[in-house]
Amino acid sequence: MAKQFASAGDLTEKKISFDEIGRDLWAFTAEGDPNSGIIIGDESVMVIEAQATPRLAEKVIEKVRSVTDKPISHLVLTHYHAVRVLGASAYQAPTVIMSDKARSMVVERGKEDWDSEFVRFPRLFQGHESIPGLTWPTTTFSQSMTVYLGKRRVDLMFLGRAHTAGDIVAFVPDANVMFTGDIVEYHSACYCGDGHFHDWPATLEEIRAFDLDAIAPGRGDALVGQGMVNEALDLTGDFVMSTYQPVARVAQGGGTLKEAWDACRAVCDPKFSDYAIYEHCLPFNVARAYDEALGIDTPRIWTAERDREMWDALQG
């Protein structure tokens, strides 16, 4: 491969923030690195997103222990990606929850995604030797399920395809707060390599209909207040469609992947080039948008070999 993906050279540690976004609800964020969320119930704690390795998960656990000594009873994984799930063993949570579809994606492409992401983003796999293997849920559901942490209710829901085919959100009704995973980002690029561009905007509108007071997004700062929530929904939707539309015009007109890349950059660079992980996401986003525009509904599986072939094609 003549050129590395941008993320392969990103070795700078990010500053961690830990913000309360509702009563006993916390967002663990790190300047565009994958976020985690904390829901403290009457009797125990639910963690949203595991991080990529047990070593990185320990940073989340350290923050949990700074605000509560209640046991971690539940780990919710909003989708199957390696950087979100492979740190799960550190929490020793008796209940690990995914959607049915997310689990099926672990079966179908979990190992390939792990291998691919390990090469793409080495900084996020600190302590990778401690990963015991693929992460498997103990509990899955199709459309929705409710978990009670004592009296505190958490609604887990599939609202539609977006970042992947199996994304779920966690909604805490008593605080009107939602943990959205990578369906929503804030001043961070959306990774669309497993995405569904046509469905994503409608899923964002499903979230908007909750009229939320706060969101913990997949990447970027915690979103507190309805103004910030709606701004993030708008920015995410704009990113998704600004990526897809120029690529689709080229693909459906018989153009090459390289021509689609150039068209996408012409639209997106002026608006999004300062977003976290923008350069990392762009080649995968263009490749997936090109496929979807040609009628390929199920994203093709990313492997290290396919990563290299794509990059060669984008360089012309």
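- Here the side chain of Glu117 pairs no donor or acceptor atom with the backbone of His81 at under 3.5 angstrom.
- Closest non-hydrogen pair, Cys192 versus Asn285, comes out as N-OD1, 2.6 Å.
- Contact check for Leu77 versus Val96: side-chain heavy atoms found under the 4.5 Å cut-off.
- Taking each heavy atom of Leu156 and Ala170 in turn, the nearest pair found is CD2-CB, 3.6 Å.
- In this structure, CZ on Arg219 lies 6.5 Å from SG on Cys281, to the nearest 0.5 angstrom.
- Distance check, rounded to the nearest 0.5 Å: CG of Leu56 to CG of Leu124 gives 7.0 Å.
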Please evaluate residues Thr53 and Gln126 with respect to the criterion side chain to side chain donor-acceptor pair (under 3.5 Å), reporting the C-alpha separation (whole Å), side-chain torsions for both, the decisive distance (0.1 Å), and the verdict. CA-CA 7 Å; Thr53 68; Gln126 299 170 30; over 6 Å; no
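- The side-chain heavy atoms of Glu13 and Arg123, taken from C-beta on, include a pair separated by under 4.5 Å.
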Kindly determine whether Arg55 and Glu129 satisfy side-chain contact (heavy atoms from CB on, under 4.5 Å), including the steps that lead there. CA-CA 10 Å; Arg55 181 186 297 179; Glu129 63 281 352; 3.6 Å; yes
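- Ion pairing between Lys63 and Asp19 fails under the 4.0 Å rule for side-chain N and carboxylate O.
- Between the CG atom of Leu86 and the OG1 atom of Thr135 there is a distance of 5.0 Å, given to the nearest 0.5 Å.
- Across every non-hydrogen atom of Val250 and Ala260, the tightest pair is CG1-N, 3.6 Å.
- Using modelled atom types, one side-chain atom of Ser130 and one backbone atom of Gly127 make a donor-acceptor pair closer than 3.5 Å.
- At least one side-chain heavy atom of Leu159 sits under 4.5 Å from a side-chain heavy atom of Phe210.
- To the nearest 0.5 Å, atoms CD1 (Ile215) and CD1 (Ile207) are separated by 6.0 Å.
- Closest heavy-atom contact between Gly166 and Ala102: O-CB, 4.0 Å.
- Among the candidates Asp194, Asp297, Thr203, Asp167, the single residue satisfying the side-chain hydrogen bond (donor to acceptor under 3.5 Å, both in side chains) test with Arg161 is Asp297.
- Under the 4.0 Å criterion applied to side-chain N and carboxylate O atoms, Asp174 and Lys151 are not assigned as salt-bridge partners.
- Of the possible polar contacts, one joining the Glu292 side chain to the Phe197 backbone as a donor-acceptor pair under 3.5 Å is found.
- Side-chain contact between Ile97 and Pro137 is absent, with no heavy atoms from C-beta onward closer than 4.5 Å.
- Contact check for Met98 versus Ile168: no side-chain heavy atoms found under the 4.5 Å cut-off.
- Judged purely by atom type and a 3.5 angstrom limit, Glu185 has no side-chain atom pairing as donor or acceptor with the backbone of Gly220.
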Side chain to side chain donor-acceptor pair (under 3.5 Å) between Asp238 and Ser242: does it pass, once the steps are laid out? CA-CA 6 Å; Asp238 185 33; Ser242 294; 3.0 Å; yes
Show your reasoning for whether side-chain contact (heavy atoms from CB on, under 4.5 Å) applies to His187 and Glu231. CA-CA 10 Å; His187 290 284; Glu231 179 192 8; 4.0 Å; yes
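- Annotation for Ser188 and Ile277: closest pair OG-CG1, 3.9 Å, computed over non-hydrogen atoms.
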Output, in order, the C-alpha distance, side-chain angles, deciding distance and verdict of side-chain contact (heavy atoms from CB on, under 4.5 Å) for Tyr80 and Arg109. CA-CA 9 Å; Tyr80 86 100; Arg109 59 185 69 199; 3.2 Å; yes
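- Not one N or O on the side chain of Glu49 forms a donor-acceptor pair closer than 3.5 Å with the backbone of Gly37.
- Between His79 and His163, the angle of the ring planes goes over 60°, which puts this pair in the perpendicular group of the 30/60° scheme.
- Under a hydrophobic-cluster definition in which Ile, Leu, Val, Met, Phe, Trp and Tyr are linked whenever side-chain heavy atoms come within less than 4.5 Å, directly or via other members, Met105 and Trp136 are assigned to the same cluster.
- In the hydrophobic clustering of this structure, Trp26 does not group with Val224; members are Ile, Leu, Val, Met, Phe, Trp, Tyr whose side-chain heavy atoms approach within less than 4.5 Å, directly or through other members.
- No donor-acceptor pair under 3.5 Å is formed between the side chain of Arg65 and the backbone N or O of Val60.
- Note on Met178: it does not cluster hydrophobically with Ile48, by side-chain heavy-atom contacts below 4.5 Å among ILVMFWY residues.
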Test log, rule salt bridge (charged side-chain N to carboxylate O under 4.0 Å, His left out), inputs Arg308 and Glu305: CA-CA 5 Å; Arg308 290 191 296 270; Glu305 181 180 3; 5.5 Å; no
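- Under the 3.5 Å distance criterion, the side-chain polar atoms of Glu31 are matched with a main-chain donor or acceptor of Lys15.
- A donor-acceptor pair under 3.5 Å links the side-chain atoms of Asp100 to the main chain of Phe141, judged by distance alone.
- Looking only at side-chain heavy atoms (C-beta outward), Leu204 and Trp200 come within less than 4.5 Å of each other.
- Between Pro283 and Trp261, some side-chain heavy-atom pair lies under the 4.5 Å cut-off.
- Hydrophobic clustering keeps Val172 apart from Val169 (ILVMFWY residues linked when any side-chain heavy atoms are closer than 4.5 Å, directly or through intermediates).
- Taken to the nearest 0.5 Å, the OH atom of Tyr278 stands 10.0 Å off from the NZ atom of Lys271.
- A donor-acceptor pair under 3.5 Å is formed between the side chain of Ser104 and the backbone N or O of Lys101.
- Closest approach of Ala27 and Ala222 over heavy atoms only: CB-CB, 3.8 Å.
- In the hydrophobic cluster analysis, where Ile, Leu, Val, Met, Phe, Trp and Tyr join through side-chain heavy atoms closer than 4.5 angstrom, Val64 is grouped apart from Leu149.
- Heavy-atom contacts from other residues, nucleotides or ligands closer than 6.0 Å to CD of Glu62 number 12 or fewer.
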Step by step, work out the side-chain contact (heavy atoms from CB on, under 4.5 Å) result for Ile38 and Phe18. CA-CA 10 Å; Ile38 312 300; Phe18 194 57; 3.8 Å; yes
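- Of the listed residues (Asp291, Asp115, Asp312), just one forms a salt bridge (charged side-chain N to carboxylate O under 4.0 Å, His left out) with Arg306, and that residue is Asp291.
- Cation-pi geometry between Arg120 and Phe284 is met: the NZ or CZ atom falls under 6.0 Å from the ring centre, inside 45° of the normal.
- The side-chain heavy atoms of Cys190 and Asp182, taken from C-beta on, include no pair separated by under 4.5 Å.
- With rounding to the nearest 0.5 angstrom, the CZ atom of Phe272 is 11.0 Å from the CG atom of Leu282.
- One N or O on the side chain of Asn35 and one on the backbone of Pro217 form a donor-acceptor pair closer than 3.5 Å.
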